[in-house]
There are 2 protein chains.
Amino acid sequence: MGITERKEREREEMRQLILEEALKLFLTNGFDKVSIRNIADKIEYSPATIYLYFKDKNELLFALHQRGFAKMVAEFQPLRLLSDPFEKLVEMGRSYIRFAVENPELFDLMFIMTAPMDKLDKEDWVEGDQAFGLLMQVVQECMDAGIFQKHDVQSTSMMIWSSIHGYTALFLRKRLGMFAECDVPVIMDDAFNLFCETLRKGL
Amino acid sequence: MGITERKEREREEMRQLILEEALKLFLTNGFDKVSIRNIADKIEYSPATIYLYFKDKNELLFALHQRGFAKMVAEFQPLRLLSDPFEKLVEMGRSYIRFAVENPELFDLMFIMTAPMDKLDKEDWVEGDQAFGLLMQVVQECMDAGIFQKHDVQSTSMMIWSSIHGYTALFLRKRLGMFAECDVPVIMDDAFNLFCETLRKGL
DNA sequence: TTGTTTGCTAAACACTGTTCAGTAAGTTTG
DNA sequence: CAAACTTACTGAACAGTGTTTAGCAAACAA
């Protein structure tokens, strides 16, 4: 009686197929220019079929949201090799910004869009929690190494995260129009370096 | 021949009426739950009429975007009275965060939503430029007073702005689900204070 | 070979932003 | 004043959206 198992497997494959094609469309056309009908066309099924695998569009978006976190955490792995904790922290920030600039649509989905965050349980936060845990770990190392004074790790990590996040949020949502377009990357880099320097001296 | 003048005036009044009612709807129902038809119902005109006064929905949103900046700059005025430049800076940050929390929809429109920023000219940035100028001024004062070292004012201001912005962006878009809901305000406040302290010591 | 379950879809519902032909009132001209 | 022109407005449509539901054919179980 392997039938139920096979059906279960086929169901999961279908879910992955939908997510795969949906992600491709979203990444090339942008999230608000892709409709359920577009995705249905791509996978050569009717739009209604998608609703047999996902409660609604937001649930589909949230599934991709999780994929985004997986990709991001993967990109953070190399910097585990760095030995100096502060250098590790700086590189982590740089990676965060790089990820945002190189994967604007994914980053948007993960940290800016309202859509996928409609109503979710505690268990939906494992990915985010994991990524934040990584940061807290490095901050703790900085404190243990005497580079930072001993403050509350959670608040300190939160301070650093949101500061770095600010750059990406303003940049991705094109709120830097007061600067000449060509200056923006330079200003952002200067600001980031200044932030790191300030942390080093002041924390 | 005051007829053309009267017509001009009536046209402007109509624009303001539309904006007024649109803003009311947006602020109570949220931006993505208000349609052109809703606004048309409220002002008791046909939906098509709105398109005689605004090119499209984004132009309407951008007009409100400007109103948001006016309100924000107005809320910044009181802190001009403070004499200590660093205190002024801290209070400015606090005001920014308070404005975001108390006017989430407006703040969203001003700094997070993509819709109103479709394609705009240099001249559309006067409000944003003005607000950023205010910040640069205070940062300059801090440097002149010897509280901060003399770095590039623009980069330093940008660093401070985006750091503060980060809190609001993550909070408003509900990306702090890894913390217990009741802890969030405390953590945010701790993080903000730590940031100010770090600036004071490290910049 | 029945009866039941499953997977899927066509069609509809209630929306959305936007356009355009047509109308009725206001304004200008003869 | 009457005719011509201008302006402000609207009803209806277009092309799209997310989502639901009734029904159908194939796969499975008895």
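Each chain gets a letter, A, B and so on, in the order the sequences are listed, and its residues count up from 1.
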Would you kindly say whether Asn193(B) and Glu197(B) are connected by a side-chain donor-acceptor distance under 3.5 Å?
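Absent: no donor and acceptor within the cut-off.
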Whole angstrom value for the distance that separates P of dA14(C) from CG of Asp41(B)
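To the nearest whole Å, that distance equals 17 Å.
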To the nearest Å, give me how far apart CD (Glu44(A)) and C1' (dT9(C)) are.
15 Å
Side-chain donor or acceptor of [X] paired with backbone N/O of [Y] under 3.5 Å:
X: Asp190(B); Y: Ile187(B); value: no
X: Ser155(A); Y: Asp152(A); value: no
X: Asp121(B); Y: Glu123(B); value: no

Report the C-alpha distance between Glu12(B) and Arg9(B) in whole Å, list the side-chain angles of each, state the deciding distance to 0.1 Å, and finish with yes or no for salt bridge (charged side-chain N to carboxylate O under 4.0 Å, His left out).
CA-CA 5 Å; Glu12(B) 191 50 37; Arg9(B) 206 171 53 236; over 6 Å; no
I want to check one thing: is the phosphate of dT10(D), taken as OP1 and OP2, less than 4.0 Å away from some side-chain N or O of Thr49(B)?
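Affirmative; the distance criterion is met.
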Within 45° cone and under 6.0 Å: Arg200(A) NZ/CZ vs Phe86(A) ring:
yes
Under a 4.0 Å heavy-atom criterion, the protein footprint on nucleotides 17-22 of chain C, written with B, S and -, is BBBB--
Just to be sure I understand the rule, does Tyr53(B) reach a base, reach only the sugar-phosphate, or reach nothing, if contact means heavy atoms closer than 4.0 Å?
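Since only primed, P, OP1 and OP2 atoms lie under 4.0 Å of Tyr53(B), the category is sugar-phosphate.
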Among residues 8-33 of chain B, which residues get a heavy atom nearer than 4.0 Å to DNA chain C?
none
For atom CD of Glu10(A), is the number of surrounding heavy atoms from other residues, nucleotides or ligands below 6.0 Å larger than 12?
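Enclosed.
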Begin from the C-alpha positions of Phe107(B) and Phe111(B) and carry the test ring pair (Phe, Tyr, Trp, His ring centres under 6.0 Å) through to its verdict.
CA-CA 6 Å; Phe107(B) 187 88; Phe111(B) 295 112; 4.8 Å; yes
